[in-house]
Visitor: 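Have a look at this one.
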Amino acid sequence: MPNLPDVVLWSIPAFVLLAVIEMVSVRIHPDDDAAGYGTKDAATSLGMGLGSLFFDLLWKSPIVAIYMAVYELTPLRVPVLWWTIPLMLLAQDFFYYWSHRGHHVIRVLWACHVVHHSSRKFNLTTALRQPWTGLTSWPFYLPMVALGVHPAALAFCSSVSLVYQFWIHTERIDKMPRWFESAFNTPSHHRVHHASQGGYLDRNFGGILIVWDRLFGSWVAETERPVYGLTKNITTYNPLRVATHEYTAIARDVRAAANWRERAGRLLGRPGWQPAPPAAAQTPLTESTAHTRVTDPAEQIPVTEPAARTQAAESAA
């Protein structure tokens, strides 16, 4: 087994120190247009982060068991060398992009990830607002293990990505140099990702690199001040409700569904998915509307409606 450091554990003192520095800087030099800090909000984010450490230990055993079974079955092996580690980081970042994107467009996955987007603030403590049901990401990385990457090496790469993404949760940095903004995820790109405006929804999914968003049509530049949070925000600071409010809403919707097709849509459709109205209530198609669908003409990818993620939040509010 590769002997690789736990970069998250070693980074915790830096996380605390940087968050304190940011708090002090906001107090000394406040920005009236920035979301800033809220005591209850920051405490909730810290609580979610501490809780995620505990729950991640619970999910770790079955996930490692699956990864190790796949690793033992594959004849391929990727050695852990100075030149293979950057390649593994690149591969992990690629699969992280698709995992992250999937967690925005499949409701049962969004139920996990919505926790991270539930704050109406955007600061370094927001980076610590992590879900307690993090067992939903592991299938996206199975190709790496099947190609011979040891699960310990994959865990190391995931930790590096997580540590990198800490510093991009801030409003204290405006823009990085243009060459850096072109290739890497930055505070500007990630502010867009956390915004709730319609034009910013479901954009900029990258972890370390932003090139995947540019390649796959999900990148958008920061052009207006983001409004953070959900399209309809939850109003609780209770960590348990923050962690579970979307699962509660899904269970309610599944129980109320009229048939199995609707149940599948409530689980696997986009957040905010609704079943089609009865045929008699549908507007007849005309020549001008027959081929119309809601898209972003520049990117040609589906655009989430402004109310896309409100249904579960209403029940938790």
Side-chain angles (χ1 to χ4, degrees), residues 52 55-56 59 62-63 66-67 70 88-118 127 129-147 149 151 154-155 157-159 161-162 164-165 168 185 189-190 192-196 200-220 230-231 243-247 249-250 253-254 263-274 294-296 299-305 308-313:
S52 73
F55 285 102
D56 283 351
W59 314 132
I63 293 172
I66 295 171
Y67 279 165
V70 174
M88 288 188 285
L89 285 168
L90 182 66
Q92 189 277 338
D93 201 60
F94 173 77
F95 288 112
Y96 173 87
Y97 169 85
W98 289 109
S99 171
H100 196 181
R101 188 165 179 169
H103 278 70
H104 274 254
V105 300
I106 300 173
R107 190 183 179 194
V108 71
L109 301 184
W110 171 247
C112 166
H113 188 58
V114 67
V115 169
H116 187 60
H117 285 263
S118 61
R129 186 176 286 226
Q130 296 296 319
W132 293 356
T133 54
L135 74 168
T136 58
S137 298
W138 67 267
F140 291 90
Y141 301 102
L142 276 175
M144 287 186 66
V145 180
L147 290 172
V149 174
L154 173 58
C157 293
S158 298
S159 297
S161 177
L162 187 65
Y164 177 89
Q165 291 180 64
I168 62 177
N185 200 4
H189 297 321
H190 207 56
V192 167
H193 180 70
H194 274 258
S196 60
Y200 283 170
L201 286 176
D202 296 340
R203 301 290 185 161
N204 298 3
F205 299 108
I208 296 175
L209 299 175
I210 202 67
V211 294
W212 312 121
D213 290 280
R214 296 181 185 275
L215 285 172
F216 299 114
S218 55
W219 177 80
V220 70
L230 307 173
T231 52
T244 61
H245 72 271
E246 181 74 2
Y247 291 107
I250 289 176
D253 288 343
V254 169
R263 292 186 185 98
R266 297 294 190 184
L267 283 169
L268 304 176
R270 297 181 72 90
W273 177 90
Q274 295 291 335
V294 180
T295 59
D296 179 334
E299 307 291 354
Q300 290 298 300
I301 64 174
V303 175
T304 308
E305 293 292 345
R309 300 191 184 94
T310 63
Q311 184 175 9

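Numbering starts at 1 and runs along the sequence shown. Fair warning: this is a prediction, and the values are worked out from it, not measured in the lab. Values reported hereafter were calculated over all heavy atoms of this structure, with side chains retained and with hydrogens, waters and symmetry mates removed.
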Visitor: Would you sort out whether Tyr247 and Thr133 count as a side-chain hydrogen bond (donor to acceptor under 3.5 Å, both in side chains), showing the intermediate values?
Guide: CA-CA 10 Å; Tyr247 291 107; Thr133 54; 2.8 Å; yes
Visitor: What pair of heavy atoms forms the shortest contact from Ile208 to Asp93, and how long is it?
Guide: N-OD1, 2.8 Å
Visitor: To the nearest 0.5 Å, what is the distance between CG (Asp213) and CZ (Arg101)?
Guide: 8.0 Å
Visitor: Judged by atom type as modelled, is there a donor-acceptor pair below 3.5 Å linking the side chain of Arg266 to the main-chain atoms of Trp273?
Guide: yes
Visitor: Is it the case that the side chain of Asn204 and the backbone of Val192 share a donor-acceptor pair, with hydrogens and angles ignored and the cut-off at 3.5 Å?
Guide: no
Visitor: Within this structure, what is the SG-CZ distance for the pair Cys112 and Arg107, rounded to the nearest 0.5 Å?
Guide: 14.5 Å
Visitor: Check the pair Trp219 / His189 against side chain to side chain contact (heavy atoms under 4.5 Å, CB included), numbers first and verdict last.
Guide: CA-CA 8 Å; Trp219 177 80; His189 297 321; 3.3 Å; yes
Visitor: Which value, rounded to the nearest 0.5 Å, describes the distance between Leu154 atom CG and Gln92 atom CD?
Guide: 6.5 Å
Visitor: Okay, side chain of Ser161, backbone of Ser158: is any donor-acceptor separation there less than 3.5 Å?
Guide: no
Visitor: Is it the case that the ring center of Phe216 lies less than 6.0 angstrom away from the ring center of Phe205?
Guide: no
Visitor: Could you tell me if the side chain of Val115 sits less than 4.5 Å from the side chain of Gln130, heavy atoms only?
Guide: no
Visitor: Going by heavy atoms in the side chains, are Thr136 and His113 under 4.5 Å from each other?
Guide: no
Visitor: Work out which heavy atom in Ala111 is nearest to a heavy atom in Ile250; give both atom names and the distance.
Guide: CB-CD1, 3.9 Å
Visitor: Just wondering, do Asn185 and Tyr164 contact through their side chains at under 4.5 Å, heavy atoms?
Guide: yes
Visitor: Any chance you could measure Leu268, atom CG, to Arg263, atom CZ, to the nearest 0.5 Å?
Guide: 13.5 Å
Visitor: Does Trp138 reach the main-chain N or O of Leu135 with its side chain, forming a donor-acceptor pair under 3.5 Å?
Guide: yes
Visitor: Side chains of Phe140 and His103, heavy atoms from C-beta outward: is any pair under 4.5 Å?
Guide: yes
Visitor: Identify the heavy atoms of Pro131 and Ser52 that sit nearest to each other, and give their distance.
Guide: O-CB, 3.4 Å
Visitor: For the atom pair CG (Leu90) and CZ (Phe95), what is the distance rounded to the nearest 0.5 Å?
Guide: 10.5 Å
Visitor: Do Asp56 and Trp132 have side chains that get closer than 4.5 Å, going by heavy atoms?
Guide: no
Visitor: Going by atom types alone, do His190 and His194 pair a side-chain donor with an acceptor below 3.5 Å?
Guide: yes
Visitor: Quick one: does Tyr141's side chain have a donor or acceptor within less than 3.5 Å of a partner on Tyr67's backbone?
Guide: no
Visitor: Between His193 and His104, does the ring centroid distance fall short of 6.0 Å?
Guide: yes
Visitor: Rounded to the nearest 0.5 Å, what separation is found between the OH atom of Tyr96 and the CG atom of Leu162?
Guide: 8.0 Å
